[in-house]
Amino acid sequence: MDISIRKSMEELTKEAQRKGSDPFVWAIQMYSSLSSSGESLPSSELAEFLVSYICWDNNVPIIWKFLDMALIHNMVPPMFLLALLSVRVIPCRHVQPAAYRLYLELIKMQAFQLKSLVERPDYQKVMKSVDGVLRLSQIFGMSQRESGNLVVEFIFSIVWQLLDASLGDEGLLEFTPDKKCKWAMIYQEMELDGHNNYGDTEHKERLRNTNTLIAIELIGRFLQDKISSKILCLARKNLPAHWLSFVQRLQLLGANSSALKNSKTLSPKTLMDLTSDTCMVLSQECKTTSQKKFSKVMGFEYLSSAASLFHGTTHSALWIPLDLVLEDTMDGYQVSATSAVEEISGLIKTLRAINGTSWYNTFLGLWFASLRLVQRERDPIEGPMPHLDTRLCMLLCIIPLVVANLVEEEEEEQMPVDENGYDRTDHRKEERVPGKCRHDLVSSLRVLGDYQSLLTPPQSVTSAANQAAAKAMLFISGVTVGSAYFDCLTMAEMPVDCSGNMRHLIVEACIARNLLDTSAYEWPGYVNGQINQIPQCMPTQVPGWSSFMKGAPLTSVMVNALVSSPATSLAELEKIFEIAIAGSEDEKISAATILCGASLIRGWNIQEHTVHFILRLLSPPVPVDNSEGNNYLINYAPILNALFIGIAPIDCVQVFSLHGLVPQLACSLMPICEVFGSCMPNISWKLTSGEEISAHAVFSNVFILLLKLWKFNCPPLEHGIGDAPTVGSQLTPEYLLLVRNSHLLSDGNNRKNSNRRRLSEIASLSSPNSVFVDSFPKLKVWYRQHQACIASTLSGLVHGTPFHQIVEGLLNMMFKKINRGNQASLASGSSSSSGPGNDDASTGPKLPAWDILEAIPFVVDAALTACAHGRLSPRELATGLKDLADFLPASLATIVSYFSAEVTRGVWKPAFMNGTDWPSPAANLQNVEEQIKKILAETGVDVPSLTTGDSSPATLPLPLAAFTSLTITYKVDRSSERFLHLAGQTLEGLAAGCPWPCMPIVASLWTQKARRWSDFLIFSASRTVFLHNSDAVVQLVKSCFTATLGMSSSSISCSGGVGALLGHGFKSNLSGRICPVAPGILYLRAYRSVRDIVFLTEEIVSILMQSVREIVCDGQPKQPPLKKFKPTKDSAKYGQVSLASAMTKVKLAGALGASLVWISGGLALVQLLINETLPSWFISNHRSDQEEKSNGMVGMVAMLGGYGLAYFAVLCGAFAWGVDSSSSASKRRQKVLGTHMEFLASALDGKISLGCDPAIWRAYVSGFVSLMVNCTPNWVLEVDVLVLKRLSKGLRRLNEEGLALTLLGAGGVGTMGAAAELIIDTGI
C-alpha cells in the first residue's frame, strides 16, 4: 500500500475517533478520500488498515462501528476481512472476549453470504489475498489454487478455527493427537502484544463462556446450512486426511464439551451426526424430475424367490451376467490364462456396485447362480467336453475362494493403518475383526437351506453330501470319530436320517477356508436331529486316508483307495507330496497318481493345494551339482509321465484353467518337452509293473498336454478378423509365459489379493526367474515351422539331403505293407528310387522326436499328394497316418497343423464320400441335418439354406476327408481321449469353416463311429451354422432377448429370466433325442464360431432398442394408444405399463446385451462399442420414432430407451475395466472413457449434430452420468477436468443442476472449485 494513502486513512480515522463522529460520516469521508487517491473499492488495503488499527491499541466500539459501516457500504471485501480477523482475534479471544464476540457476529452476518462473494469482480483477487493470509494452499497441501478451491478451504478453515478455539476454551485441545491448534503457526506470526491492560472480571468470564457456546453453535450452523454444508462435503471428499482429523476433534468436542450441553439449539448427538455419511450428502434434494425418475426405476427390488431355477424377469435380472459368465467358463474348447477366482471376484464387485446390492443379496445371488450351474448338468449328454466335475469345482472350490477374497479385502480395509502405511499382510490375520461382509455371508448360507430345488445333489455327489451332513450331526451330538469312520459309513447304518444336500458341501468348503466355523452345524434345520450312539460299521482296518496317515504302506489296494477318494485335509496332501519327493521310485509314481485322482477332481476343500503340489512335482528341483542343463529331468521320467497321464482328461485341464494355472503349467511343461523331445528313442524306463515307457512316449504325453493349453491349431481365418480378434486367439506360448512371468511381480495388489499371492508363490517355487520361449530352442523351431505351415505352402525339401532321407524313412514306415517295386518316391514325385531311407522300415527312424516332427509336414504332404494322384488309396492313406501317429503320438499335433492349413487353402480336389473310396455318411446324414435344423428352430433360428435340396453325392475337401478318416481310426476309450480331444476340436473347426454341408457330413461319420456321442456331435454341428450365416447369429441373439424378457411363445421361455435363457443345459429325452436347447446355451457354445464378431455391437444395440419398444407396448402393439403418463403414489405408470416394472425389464435387457458383448469380444469389442458404435447410433436417424408416435408411446420409449442404453454402456465398460483400478485392464479405461465423455460434452455443446430422438439423448446422458458418479466414481476421476466442466454446463442447460453438481463433486480436486461455485451460484 502507498504510504501516503495509509497515512491518510490513519489520520481520517483518528480524527473521527477523537471527535466521536458518526460512522456513516466516517464512511463517506473515507470513501471520498480513497476515490480521490485512485484506490479502487472495495479495498483490501482498507481492510488490512482497520484490522491492524483495532488490534489492539484501538480496540474500542467506535472503531468496530467504522469497520461495520465499511462492510455495509462495500468498502472492504468481507471474506478477506474475516481472514484477517481470524488470525488476530482468535488467538486473543481469552483476553479480548468482546472482540471475539464481534468477530463471531461478523461470521454470522458475512460467512454465509457466499453468492455475493463469487459475483464480485475482484473475486479471484480477494481469494488469493485470503490464501495469503491463512496459508490455505500450504496447510491443506493443494497445488491447484483456483478461486473455487480456495472458497472450500476458506470455509473449512473458519469452521476448523472455531473448533480448535472451542476445544482450547474447554481444555480439550491437549487430548487431540497433535495436542495443539492446527493454526498455531499462523497465529504465532501475528503481533499479539498489548492484549490485556485490565484484569479479568466476572463479566469477561461470562462473555468467554457465551463465546464458546456461540462458536460451537456456529460450527453446527455451518454443518447444517444448505450451502456451507455442501461446501464442507466437498472438503470431506477431496481432503480426506484433513477431514478425518477434523471429525476426530469434533467428536472429542461433542463427547466432552460442557458448553454444548447448555445449548438450546444443538445437542452433542446432533453435532456428531452432522458429519455422518447420511448427513454429508452433496446433492440430496436437488434432483430434477428426470433424475428422481431415473434413481427410482434403476433400482431393483430383490426378491428371495430369485433362487428358483425357472423364475421371471424381475427376480433374476441382477445375476444374468454372472450366470452367463459361469456357464461360459464350462466350454471345454477354451482354456483361460487368467484365474476364474479373479475374474468372478471382479464381476461380483462390478455387479454389486452397479446394482447397489448388499453383501447379503450379493452372496445369495452368487450361490444361486453357482447352484444353477451345477443343476444344468444333472442329466448331461455324453461327449468329449467338461462335465459335472468342472461345475462342482466352480461351486465348491472357486466360488468359496472368491468369497474368501471378498471377505479378506473388506476386513483388511477395516484394519487400522499402521505407521508405515497400508502394509496389510497375512501375518496380521489374527488382528482382523469380522466385518459386514462375513456376517452377510453367514446369513446368506443360513437362508440358502430354504431353496431345496437348487440344493438337490446330483447322483454322483449324493454320498459326499450325506457324509457332510453326517459329520455335522455327529459333531452336534458330541460324538468324536475319525475320518476312517466315514470311509465305510453308509446312510442305512445311521439311526436317523442324515441325508445331505449341496448346502452341506458348500458349508464344508467354507469351513475349510476359515470363512465359517463349526457353529454352522447348529443352524436351525441344518441337520435332522442328534444320535446317541455310533453305528458299529467300521472294520479293524479300512484302506483309506485315515489308515494311510497312521502309517499304512502304499500297497496297490491302498493306492486304489486313495486315488478313488479325495484327501480331506492339507496334512494328508503334504504327506503324499513328501512321498512323491523322497519315496522309492514306485512310491513316487503311486503318489503322483494319487494326487491326480479324486483329490484333484473332487477334493473341493483342498483343491487349490492339490494343483499346487502337482505343479511343484512338474518342476522338480535342480540338483546342486547339476552341469547338464535341463537334462536332469530325464531321471524323473516315470513320475512325470504319471503326472502327464493323470492331468490329461478334459476336466483336469479345466481345473487348472479355473485356478489360473494354465500359464504356470505351460511354463513347467516346456522344459520337459525340450529335454525329452531331444532324447533318442532307445532311452526307456521299465517300471516294476513290467510296463516300459520310452522317451517318445513321455514326450508325446507332455507335448499333447502342452498343446491343449493354447489354440495352436487356429486356421488362418481366425487370425485378425476385423478390429476385434476372436476371443482366445491371444493364447500363444509367448503370451502364456508373459502372464506367468507377471505372477512373479510382487506389487501392492499382489500383497492385498490372496489369489495373486497364491499365484505368485506357485510361480516363484517353480522358477524364481522370468522364462521366455527363447529358452527352449527346439520348441521354438517347431512353433515357427507350425506358424509358417499355416501361413504358406511347404517348400525347401531338397532330394538327397539327410532331411529328405528322414522324410523317406517315415513314408516307408507308414506304407511298408504296400509293394511298390519301382514306383515313384512319394516324397519327390520322381521316378527314381526312394533313397536309402531307413534300414528297418518296420520300426521307423531312430531319431529324436523334434527331428521327426520337423519332417512330418512334408511326409503328410507327400502322402496326401500321392492320394490325390491315385498312387495311394484313401484307406492306405488313413492307415499310414494312423501308423505314423502310433509310432510317435506327438506327431498328431503336426498332422493337425498341416491339415488346418491345407483345408483353408482350397486347392485340393473334393473327395467323394461314397462308401467305396472314402467312408459314406449316407446312413444318417439326412437325420443329422434334420436334427440340426430342429435344434435351431427350437431356439428361434430359421436358416433355409441348410437344406441342400439335391441328391448329389456328399463331398469333402481332400485334406478334411483324410483328417476325418484318420480320427475315425482311433478307439473311443480313455487311452485315446487326450489325442481325440486335440484332434476333435480341430476337426470341428475345419469342417465348420468349409462350405455347408461339410460339418453335417463329418458329424454323420462320427455318429456312426461313436453313437453314444451322437447328441454332442449333432449339437456341435448345429452351432457351426453361425460361422456361415450372420443372419442366423442375429436371430439367435434376438431369441436370447425374447426368452430372457419372457416375450417368447415357447413354453420354455414364456416365464423369462435365467431359466428361459439357459434352461436345463444339455440333456436327452426319453426317446434318445436331445431336448430343446435354450438360446443362451446355444449362443455361448456358438459365438466362438463367428468369424467377424464386430458386427454384433450394432445388432445388439438395435435389438436392445427394439426390446424397449416391445416392453412398453407389452407385446400388444395393436391396442389403442395408452393414456398420457401420470405418476401414481406407488409407482409411475404409463397407461397400464408400470414404469418401474418396465424399467426392470429394460435393465434386464441391458444386462443381457452387455454380457453378450463382453463375453463375445472382450475388451476390444467393448472399446469398439464405446468409441464407435454408440456415437454412430446417436448421430444416425432412426425411423422407429414415427412408430411410437402412432401409438402415443414416444415419451415412454424414448426415456426408457435412453436409460437402457446408459445402463448397457456403463455395464459393458464395468465388465471390461472393472469399477476400481485393481485389474490390468483398468489401465485402458482412461483413454476409451475420455473419448466417450468428450463426445457427450461436444454433443451437449452443440458441436455435434444428433439424429436420435432428443428425449433418448437426454435420458442417455443423465443415465450414463448418474451411473458413473453413483456406481463407478473412480471413472470420474480419470476424465479430463475440462471435459467434466463442459459436461456440467451441458447438464445445467438440460435443467439437470443436481446431476451437474454431483458430477463435479465426484471429479476430485480438479473440479472441487467449480462444484463449490455451482453450489453458491444455484443455491442447491
**Message:** side chain to side chain contact (heavy atoms under 4.5 Å, CB included), that's the test. Do H804 and V798 meet it? Break it down for me.
**Reply:** CA-CA 6 Å; H804 179 267; V798 180; over 6 Å; no
So how far is it from [X] [atom1] to [Y] [atom2], rounded to the nearest 0.5 Å?
{"X": "S1004", "Y": "M999", "atom1": "OG", "atom2": "CE", "value": "9.5 Å"}
{"X": "F656", "Y": "D651", "atom1": "CZ", "atom2": "CG", "value": "12.5 Å"}
{"X": "L847", "Y": "S678", "atom1": "CG", "atom2": "OG", "value": "12.5 Å"}
{"X": "Q785", "Y": "S897", "atom1": "CD", "atom2": "OG", "value": "7.5 Å"}
{"X": "L936", "Y": "L1082", "atom1": "CG", "atom2": "CG", "value": "6.5 Å"}
{"X": "C673", "Y": "K778", "atom1": "SG", "atom2": "NZ", "value": "14.0 Å"}

Do you know which two heavy atoms are closest between [X] and [Y], and how far apart they sit?
{"X": "M813", "Y": "D883", "result": "CE-O, 4.3 Å"}
{"X": "F644", "Y": "I672", "result": "CZ-CG2, 3.6 Å"}
{"X": "A697", "Y": "N641", "result": "O-OD1, 4.2 Å"}
{"X": "P845", "Y": "F887", "result": "O-CZ, 3.5 Å"}
{"X": "A992", "Y": "L1027", "result": "O-CD2, 3.0 Å"}
{"X": "F815", "Y": "G880", "result": "CE2-CA, 3.8 Å"}

**Message:** So, using side chain to side chain donor-acceptor pair (under 3.5 Å) as the criterion, who are the partners of W1013 when residues are at least two apart?
**Reply:** none
**Prompt:** With sequence neighbours left out, what residues match S684 under side chain to side chain donor-acceptor pair (under 3.5 Å)?
**Reply:** E692
Contact between [X] and [Y] at the side-chain level, heavy atoms closer than 4.5 Å - yes or no?
{"X": "V698", "Y": "I693", "result": "yes"}
{"X": "K882", "Y": "Y970", "result": "yes"}
{"X": "Y783", "Y": "K780", "result": "no"}
{"X": "R978", "Y": "L705", "result": "no"}
{"X": "L669", "Y": "L709", "result": "yes"}
{"X": "C596", "Y": "L643", "result": "yes"}
{"X": "T955", "Y": "M913", "result": "no"}
{"X": "V1025", "Y": "W996", "result": "yes"}

Just by distance, do the side chain of [X] and the backbone of [Y] share a donor-acceptor pair under 3.5 Å?
{"X": "T969", "Y": "L966", "value": "yes"}
{"X": "K909", "Y": "A868", "value": "yes"}
{"X": "Q1008", "Y": "S920", "value": "yes"}
{"X": "E674", "Y": "L779", "value": "yes"}
{"X": "D331", "Y": "Q334", "value": "no"}
{"X": "N914", "Y": "D917", "value": "yes"}
{"X": "K1009", "Y": "V972", "value": "no"}
{"X": "H1028", "Y": "C994", "value": "yes"}
{"X": "S657", "Y": "V653", "value": "no"}

**L665 vs I647, side chain to side chain contact (heavy atoms under 4.5 Å, CB included): CA-CA, chis, key distance, verdict** = CA-CA 11 Å; L665 180 58; I647 64 178; 4.1 Å; yes
**Option among L1017, I935, V941 that satisfies the side chain to side chain contact (heavy atoms under 4.5 Å, CB included) test with S1022** = I935
**Asked** Do E902 and R905 sit within salt-bridge range, that is, some charged N less than 4.0 Å from a carboxylate O?
**Response** yes
**Prompt:** Any ion pair linking E734 and R784 (charged N to carboxylate O, less than 4.0 Å)?
**Reply:** yes
**Request:** Decide side chain to side chain contact (heavy atoms under 4.5 Å, CB included) for F899 and L960; before the verdict, give the C-alpha distance in whole Å, the side-chain angles of both, and the deciding distance to 0.1 Å.
**Result:** CA-CA 7 Å; F899 282 130; L960 180 58; over 6 Å; no
**Prompt:** What do the steps show when you test F699 against C679 for side chain to side chain contact (heavy atoms under 4.5 Å, CB included), and what is the final call?
**Reply:** CA-CA 9 Å; F699 172 77; C679 292; over 6 Å; no
**Asked** For residues W782 and T894, is any side-chain donor paired with an opposing acceptor at under 3.5 Å?
**Response** yes
**Request:** Indicate whether any N or O donor in one side chain lies under 3.5 Å from an N or O acceptor in the other, for H981 and Q985.
**Result:** yes
**Message:** Applying ring pair (Phe, Tyr, Trp, His ring centres under 6.0 Å) to W850 and F776, what does each step give before you reach the verdict?
**Reply:** CA-CA 12 Å; W850 289 122; F776 316 110; over 10 Å; no
**Request:** Could you tell me whether F803 atom CZ has more than 12 heavy atoms of other residues or ligands within 6.0 Å of it?
**Result:** yes
**Test side-chain hydrogen bond (donor to acceptor under 3.5 Å, both in side chains) applied to T964 and W918, step by step** = CA-CA 10 Å; T964 305; W918 299 94; over 6 Å; no
